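Report on one structure; see the data block that follows.
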Amino acid sequence: MSNENEFIVTPWEVKGKIDYERLIKDFGLQPLTNELLKRLEKNTGELHFFLKRKIFFAHRDLDWILDEYEKGNSFYLYTGRGPSGSTHIGHLIPWVFAKWLQEKFNAKLYFQITDDEKFLFKPELTLEEIKEFSYENILDIIAIGFDPNKTKIFMDTEYIKTLYKEAIKVAKKITFSTIKAVFGLNESSNIGEIFFTSLQSVPAFIESIKQGKNIPCLIPLAVDQDPHFRITRDVAPKLGFYKPAIIHSKFLPSLAGLDKMSSSAPQSCIFTIDKEEDVKKKIWNAFTGGRGNIEDQRKYGGNPDICTIYYYLYYFFEHDEKSLKEQYENCKSGRLLCGEHKMYLTKLIIDFLKNHQRNREKARNIIDKFILRD
Ligand code: TYM
């Protein structure tokens with residue numbers, strides 16, 4: 001990480017300016033090609049802007065999932081959350097996309113809450129605190145609008161009777177040297193950390209176990225979670241299951257610059273529970289691609305390619321392609337000033353959060369419809 005071309009992407013650390021092309025090569029992913037997008041569109045009738053803008057940019061075996069689907073062999077979805085704090089807008093990207101996939105493919109969804117993971121990997125957190133975050137995060141998940149008849153959410157510690165006997169089958173096929181190589185864990189890592197990936201693997205075949213026959217699984221996630229599923233995909237055939245397919249998103253950057261948004265720097269990300277005042281302050285202080293003063297901005301224009309305001313609109317808040325393009329051009333030409341652009345984004349965020357927070361309150365009454373326990 002000493003020079004600016006270096007970056008780190010692991011499930012526990014994302015740092016630096018990420019080169020997604022290089023990540024495709026380093027991780028051995030397939031790029032999401034226009035041809036594959038056309039095929040998706042044939043099945044869904046339209047493309048989500050996450051796809052049009054290549055925010056979801058890579059995959060593993062998505063073509064196979066579509067082959068199976070077109071043959072009448074439908075798939076289920078699996079995604080998750082590690083409950084170590086409040087939900088931020090970045091987390092919502094794979095979830096909003098999972099909801100879109102659920103609707104378009106009429107797919108069942110398993111949503112794993114890895115409370116065990118956060119307990120094992122975060123020395124400062126107690127199980128009680130994590131339980132509280134789990135509950136709060138589940139409200140955000142339900143607020144997205146998943147179909148209660150097709151969506152099951154479970155916390156690892158509460159669904160462990162079902163999960164454990166499958167997790168040990170996975171664990172038996174993974175060596176410590178694989179874990180060291182994939183995650184960089186070592187002799188001083190606690191032994192729970194070393195075991196954990198076995199539990200994150202299980203939901204990738206849980207529907208096959210329940211139905212007693214192989215059911216394809218598609219996992220929407222941001223690319224930091226891919227290393228777990230590289231292992232899952234190695235193990236799956238050894239246990240007689242299909243390898244899960246994956247679709248990978250990029251990271252919504254931090255408001256402080258183009259690094260990944262992180263809940264450990266609260267001023268640099270928008271949380272779903274933020275109040276209007278928080279949003280105004282955070283957006284006002286955000287890093288932009290603007291010039292030092294209005295005269296220079298009008299004369300030379302700004303740089304949207306490094307601007308977090310533009311990125312927030314691009315990744316999540318501006319759904320209209322034409323308007324987004326105009327904003328890009330108006331910023332570059334100096335017609336649009338940073339202050340105006342910040343006000344525009346602030347309004348979109350506040351409107352979104354009002355609605356999300358309303359749905360979050362309603363979720364308290366229907367949580368039991370979603371939860372799996374054993
Ligand atoms: P967690 O809680 O770190 O993240 C939840 C989901 O959000 C994605 N993500 C982001 N996406 C876009 N922009 C960002 N800035 C950003 N930050 C995080 C993550 O990739 C993830 O998809 N171990 C997992 C929980 C888990 C899981 C899964 C995730 C269990 N099973 C299956 C995905 C798929 C975790 O701690 O995620």
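When a ligand or atom number is given, it counts from 1 through the structure's own listing order. The shown structure was predicted, so the numbers you read here are calculated from the model rather than taken from an experiment.
Under 4.0 Å from ligand 1, the heavy atoms of Q225 that appear belong solely to its side chain. Both the backbone and the side chain of R81 come within 4.0 Å of ligand 1, judged by heavy-atom distances. The backbone and the side chain of A222 each have at least one atom closer than 4.0 Å to an atom of ligand 1 (non-hydrogen atoms only). With a 4.0 Å cut-off on non-hydrogen atoms, V223 does not touch ligand 1 at all. If you look at T114 next to ligand 1, the close heavy atoms, those under 4.0 Å, all belong to the side chain. Looking at D224 against ligand 1, only its side chain comes within 4.0 Å, counting heavy atoms.
Applying ring pair (Phe, Tyr, Trp, His ring centres under 6.0 Å) to F56 and the options Y20, F49, F97 leaves one that passes, F97. Here the options are I309, N303, D305, the test is side-chain contact (heavy atoms from CB on, under 4.5 Å), and the partner is C307; only I309 passes.
Below 3.5 Å of separation, one finds no N or O of F251 facing any N or O of ligand 1. Considering backbone and side-chain atoms alike, G90 places an N or O below 3.5 Å from some N or O of ligand 1.
In the vicinity of P94, heavy-atom distances shorter than 4.0 Å reach the ligand 1 atoms 7 (O), 8 (C), 11 (N), 22 (O). Contact atoms of ligand 1 toward G82: 1 (P), 2 (O), 25 (C), 35 (C), 36 (O), 37 (O) (distance under 4.0 Å to a heavy atom of the residue). Which parts of ligand 1 touch Q112 is read off a 4.0 Å heavy-atom cut-off, strictly below it: atoms 30 (C), 31 (N). Heavy-atom proximity to I219, at under 4.0 Å, picks out these atoms of ligand 1: 34 (C). Taking every heavy atom of L252 and a limit of under 4.0 angstrom, the matching atoms of ligand 1 come to 12 (C), 13 (N), 14 (C), 15 (N). Under a 4.0 Å criterion applied to the non-hydrogen atoms of T79, ligand 1 contributes the atoms 28 (C), 32 (C), 33 (C), 34 (C). Short contacts between ligand 1 and Q200, defined as distances under 4.0 Å to a heavy atom of the residue, involve ligand atoms 23 (N), 24 (C), 26 (C), 27 (C), 28 (C), 30 (C), 31 (N). Close approach to K250 involves these atoms of ligand 1, each under 4.0 Å from a residue heavy atom: 12 (C).
Every heavy atom of P11 sits 4.0 Å or more from the atoms of ligand 1. Note on ligand 1: F229 sits in its first shell, one or more heavy atoms being nearer than 4.0 Å. Within the structure, the closest approach of K118 to ligand 1 falls below 4.0 Å when heavy atoms are considered.
By the neighbour-count criterion of 12 heavy atoms within 6.0 Å, atom OH of Y344 is densely surrounded, having more than that number from other residues, nucleotides or ligands.
Ring-plane geometry between F50 and H48 is classed as tilted, the angle between the planes lying from 30 to 60 degrees on a 0 to 90 degree scale. Ring orientation note: the planes of F105 and Y69 are nearly perpendicular, at an angle over 60° on the 30°/60° scale. H88 and F271 have tilted rings, their planes meeting at an angle from 30° to 60° on a 0 to 90° scale.
Side chains of N34 and K54: a donor on one and an acceptor on the other come within 3.5 Å. Side-chain contact of E13 with T10: a donor-acceptor pair under 3.5 Å is absent, judged by distance alone. Side chains of S198 and S201: no donor on one and acceptor on the other come within 3.5 Å.
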How far apart are the C-alpha atoms of F146 and W95, what are their side-chain angles, what is the distance that settles it, and do they pass the ring-ring contact (aromatic ring centres under 6.0 Å, His included) test?
-> CA-CA 9 Å; F146 292 109; W95 306 351; 8.1 Å; no

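Nearest-residue assignment for atom 31 (N) of ligand 1 (options Y78, Y110, W12; heavy-atom criterion): Y78. Considering only non-hydrogen atoms, atom 29 (C) of ligand 1 lies nearest to G80 out of S201, S84, G80.
Side-chain atoms of E340 come within 3.5 Å of backbone atoms of L337 as a donor-acceptor pair (strictly under, hydrogens ignored).
The salt bridge (Lys or Arg N to Asp or Glu O under 4.0 Å) contacts involving residues 210-219 comprise nothing, where partners must be two or more places apart or lie in separate chains.
Annotation: side chain to side chain contact (heavy atoms under 4.5 Å, CB included) contacts of E21 (sequence neighbours excluded): D19.
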